[in-house]
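Predicted, not measured: the structure shown is a model, and the values here were computed from it. Reminder, nothing fancy here: chain letters follow the sequence lines and each chain counts from 1.
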Amino acid sequence: MSREPLAKSYAPREFEQRWYSFWEERGFFKADNASPKPVFSIVIPPPNVTGSLHMGHALQHTLHDILVRWKRMKGCNTLWLPGTDHASIAVHYVLDKQFEAAGKDRFKMGRDEFMRTAWEWKKTSGGTILNQMRRMGVSCDWSRERFTMDEQLSRAVVEVFVRLYEQGLIYRGEYIVNWCPRCKTAISDLEVVYNPSRGHLWHIKYPIVGADGKASGRLTVATTRPETMLGDTAVAVHPDDERYAHLVGGKVLLPVANREIPIIADGFVDREFGTGVVKVTPAHDANDYEAGIRNGLDKITVIDDAGVMTEAAGEYKGLDRYECRRLLVERLEKEGFLEKVEEYDHNVGQCDRCSAVVEPKISIQWYLKVATLAKPAIEAVEDGRIRFVPDNFKKRYFEWMYNIHDWCISRQLWWGHRIPAWYCDVCGKIVVAREEPANCPTCGAGLRAEEDILDTWFSSALWPFSTLGWPEDTDDLATFYPTDTLITGPDIIFFWVARMIMMGLKFTGDIPFSQVHINGIVRDEHGHKMSKTKGNIIEPLQLIDEYGADAVRFTLSSMAVPGTDIPFSSKRMKGYSDFANKVWNAARFVLMNLREEDDAGGFAEAAAIDGLVAARRDAMPLEDLWILHRMNQTAAGVSEALDKFRFHEASALIYQFFWHELCDWYIELVKPVLTDPDAPEAERAPRIRVLLHVLDYALRMLHPFMPFITEEIWQKLPHQGESLMMAAFPEARAALDNPGAAQKMQDLMELIGDIRTLRAKMNINPKQPLKACLSAEAEGAQALVEQNLARLLALTRLEAVEFRDAVPDGWLRGVSRLGSFGLDVPVADVAAARKRFQDEIKKLKAEIEKVSRKLDSPDFVARAPKEIVDENRSRFEEMTEKCKKLENNLEQLPSA
RNA sequence: GGGCGGUUAGCUCAGCGGCAGAGCAUCGGUCUUACACACCGAGGGCCACAGGUUCGAACCCUGUACCGCCCACCA
């Protein structure tokens, strides 16, 4: 095998897409519904077809892909099912804008033409986000891509609707709903977002009609929406309010409209608010609507579907609601009905999608009774069959589920699943059926199809099983349902997660997933929400262009603490991009120094290395034993962290291991062997095996996080198998555990660190070759240093180390755990040296004082766990000893 | 009005009973032939405040103060 060296600089654009195509063409992403392997399955939270990749997607796709690649490498039959959501309102919004620009109108063009246009749009633009996802490196099974309006998924929707209707859980009725006058459809409670807004509170005087039919005094009502007074059908006071008790049963004259309306008593009135009198407009306020029903009031609709005043508004007919408000207030003031106007802060409900101010409106809609579905869904979380990560999000879930209201599921839109209902205009029969009925089953007349479609979230609620073929009894469903993990944001726990749990339990009898991982929201570097108006949006695709997908993924993963928002900054981004560069260069260095002999395929495989360690354990260099031990621990730690969705922890473990252990120490230590062209093969080969094995396994650990760079490198290394993504993820191997070697290495590294610190602190030119001495006081210290002398000299740039009982006078002195050491340099600045020792002693003494106080406390010794006490004892001894040595060194300094 | 979360190094955040951590920034030194996107060092903390529990608290409990988020029909 001939090897091409890695390119001189890390240029992710050169290879990222190449490897993606490679993986996809080889079918590595595909799940197998006949495999005997353990299953791991995830369905994607389907992005809107109108969507384009934002940081939230980038985060979720990264986390999904890390889990999926990790499980795949762990030997699972892994499915990640991709797809998109038809997003009724969003599509309408996009198309409406296009129509507007072209001077068209969907109501004029008609339903059929609109739907043709919409499908056409979906065909050309609906795949944008999926292609953007590919750039992230997602390992989705594209052969199973789904769309919520696919023929099969639509069948599932109809099936669910019909069954729910047959069981009496879906009903149709007239109620007050949230109406968006821009989208011209009803929306559910969840789709209304309340934003604080500075408004006014108008105090309007309604003349009281006396017994004689003439005005006798006035009642003042306060309202934020004066235009609705045209639809008032009563004023109300609290039943126990003594101020107004005598008026109840009487009437007031509604100004402008000049209608007499009753004064009623109803408990919903708050006596403390305003004057304690409230105008009642049943057609335009949810509370008033309820009060209207309780009191048998009329409902007068004065605002229409588009937010325009109706016939019932009299002379204001045809005006926009806000224009009407302005004119009406003007007139009330002129005619003396306006008592005062106050500034008033209150919440205004706006449409989630288009931000238009929502208008409560009476209309006939379809509803789903959720209470019976909610019960088992609550139980599934209560008994732990479904777990939230972090756990406290279940509180939010419970809070909503316990107070759940019926769900308005009909929408007056066209793009979506049409409600499978037909009306007989002759006998009034409503038919709900799977197939369109020919005519009325009761009277035989022709039928009229329902115009409304379903709320988009209705089909989303079925996603985990509809995508797998339900209601058919498919192999996919049997194999991959229930899915394992759902990763999603906190914003759609109610919209989506809760409803999936309800529908999944109802129709499959099983939970849709067992874990719900709630990720945080990606914010800007100051923790502010990203928004177009703030102009602080970061585009993931731009980041990928600049830094590569691997660096973006690793950054997001490093910051992904469950349930915690992510302040994303380009500084952090750069840090992890540097990490990718580090990985690249480490690999390049190794590759540069390989020989032809190193190409033998599997020589760095796990079994071979385990065998090597077993056979040569005592003869192996310390750093080899150490790095294998650390690799082993890191692999175990990464899997443990990923098991708990602690992506930030897993990332940190690999980062630390790869950069600060593998690169900073291990590669530096093997450098002499690696780069020496004359090194005998017998000595070199076993070292290279270990190096290549550790590098290979480090790449495996890193692969779920940084799939592209690891594949690019791995393919150039001697390896077995077609692709890194199909290689085994490192498992902890008992053969590699070696805490003894790790401790020795630790001591050695500490000695090297102490020598370096001393040089740096005393400002000695790093290039200056020095002699050193060590009084090896710790047990085994001399042997350890002797055996690793070459390494020590190389890393400290010393030329020799002698073992002496005492540091000669006049040398620079230092103290390490292994013993006191000295450097053969004249102590130029005695005062500085003295101060260094004094500072160190002072610090150490404070520490000793703390520990000894602890040890002196009888309570501590008696009640703390034994290992803690022992730990403190040995720490105390160690510190005291070191302190003695430091003091000794201080004494031996020549006096200034 | 209810509920949840946050307050730790200059900045952004981990840690959540037993020696206060990371990345970036700062300071000093090195072009040591993988990487200056690097290397070697250093400095920097009453863990918001006040009580309590504990042998021991950044961590558990109670309260206070700010800051976020979620839910709720007060016109």
Side-chain angles (χ1 to χ4, degrees), chain A residues 6 8-10 189 194 201-202 221-225 228 236 268-270 272-281 285-291 344 346-347 349 360 390 392-393 395-396 399-400 403 490-491 493-494 521 525-527 529 555 558-559 561 563-569 571-572 574-593 646 648-649 652 655-656 663-664 667-668 671 674-675 752-753 756-761 763-767 794-797 847 850-851 854 857-865 867-869 871-872 875 879:
Chain A
L6 284 179
K8 233 179 253 150
S9 63
Y10 167 56
D189 294 348
Y194 290 90
L201 196 57
W202 284 274
V221 301
T223 181
T224 54
R225 306 199 51 202
T228 62
F268 88 108
V269 179
D270 178 355
E272 308 300 318
F273 188 90
T275 56
V277 187
V278 60
K279 62 191 270 306
V280 185
T281 322
D285 182 277
N287 282 314
D288 293 7
Y289 177 82
E290 297 295 328
Y344 188 65
H346 63 138
N347 284 333
N392 59 302
F393 275 95
K395 283 187 195 161
R396 215 183 263 195
E399 186 197 345
W400 191 70
N403 301 303
D491 48 334
I493 293 178
F494 310 140
I521 294 166
E525 60 182 311
H526 305 293
K529 216 166 187 165
T555 307
S558 296
M559 302 178 84
V561 180
T564 305
D565 289 353
I566 296 176
F568 194 92
S569 82
K571 278 182 191 166
R572 290 294 284 270
K574 183 172 175 308
Y576 292 112
S577 155
D578 291 350
F579 176 56
N581 187 60
K582 188 75 183 175
V583 171
W584 184 262
N585 277 295
R588 196 161 73 88
F589 180 58
V590 172
L591 277 164
M592 270 166 47
N593 290 292
R646 304 179 66 82
H648 66 293
E649 219 171 86
Y655 181 97
Q656 163 70 24
C663 291
D664 287 353
I667 291 182
E668 289 305 321
K671 216 175 219 176
L674 195 61
T675 53
I752 291 169
R756 283 168 168 174
T757 303
L758 182 60
R759 287 186 83 130
K761 275 202 166 169
N763 252 325
I764 296 161
N765 186 336
K767 274 182 289 191
L795 294 187
T796 52
R797 305 194 130 218
E847 209 40 49
K850 235 163 84 182
V851 177
K854 221 181 205 181
S857 147
D859 280 334
F860 172 72
V861 178
R863 308 178 73 152
E867 56 285 9
I868 298 289
V869 178
E871 207 180 290
N872 276 279
R875 234 187 105 217
M879 286 191 301

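- Taking 90° from 0 as the syn/anti boundary, the base of C60(B) is oriented anti.
- Ring planes of W584(A) and Y10(A): tilted class, angle from 30 to 60°.
- Under the Watson-Crick or G-U wobble criterion, with both distances below 3.5 Å, C31(B) has no partner in any strand shown.
- Closest to the side chain of K574(A), out of C37(B), A34(B), G15(B), is C37(B).
- In this entry the distance linking NZ of K582(A) with C1' of A36(B) reads 11 Å, nearest Å.
- The nearest pair of heavy atoms linking K582(A) to C663(A) is CE-CB, 3.8 Å.
- For the P atom pair drawn from G68(B) and C13(B), the interatomic distance equals 13 Å after rounding to whole Å.
- Taking atom CG of L758(A) as the reference point, atom P of G41(B) lies 12 Å away to the nearest angstrom.
- In this structure, K850(A) places its NZ atom 7 Å from C1' of C19(B), rounding to the nearest Å.
- When the salt bridge (Lys or Arg N to Asp or Glu O under 4.0 Å) test is applied to E847(A), the partners found at least two apart in sequence or on another chain are R875(A).
- A heavy-atom distance below 4.5 Å is found between the side chains of T555(A) and F568(A).
- Among the nucleotides C39(B), U54(B), C16(B), the one closest to any side-chain atom of R863(A) is U54(B).
- For R396(A), the side-chain hydrogen bond (donor to acceptor under 3.5 Å, both in side chains) criterion is met by no residue, not counting sequence neighbours.
- Residues meeting the side-chain hydrogen bond (donor to acceptor under 3.5 Å, both in side chains) test with E668(A), sequence neighbours left out: K671(A).
- The nearest whole Å value for the distance from the CZ atom in F579(A) to the C1' atom in A38(B) is 15 Å.
- If you take atom C1' in G52(B) and the same atom in U12(B), they sit 33 Å apart, rounded to whole Å.
- When rounded to the nearest whole Å, the span between CD of E668(A) and P of A38(B) equals 14 Å.
- Taking each heavy atom of P490(A) and F393(A) in turn, the nearest pair found is CB-CE2, 3.8 Å.
- The N392(A) side chain lies nearest to G5(B) when the options are A14(B), C37(B), G5(B).
- By the side-chain hydrogen bond (donor to acceptor under 3.5 Å, both in side chains) test, K574(A) pairs with D578(A), sequence neighbours left out.
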Next on the checklist: Please encode protein proximity along nucleotides 22-33 of chain B as a string of B, S and -, counting only heavy-atom distances under 4.0 Å.
Outcome noted: -SS----S-SB-

Item to check | B/S/- contact track for nucleotides 70-75 of chain B, protein heavy atom under 4.0 Å | outcome: SSBBBB

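- Which of C19(B), C13(B), A34(B) sits closest to the side chain of P567(A) comes down to C13(B).
- Atom pair N581(A):CG and A38(B):P shows a separation of 7 Å (rounding to whole Å applied).
- Distance, N585(A) CG to C35(B) C1': 4 Å, rounded to whole Å.
- When rounded to the nearest whole Å, the span between CG of D664(A) and C1' of G41(B) equals 13 Å.
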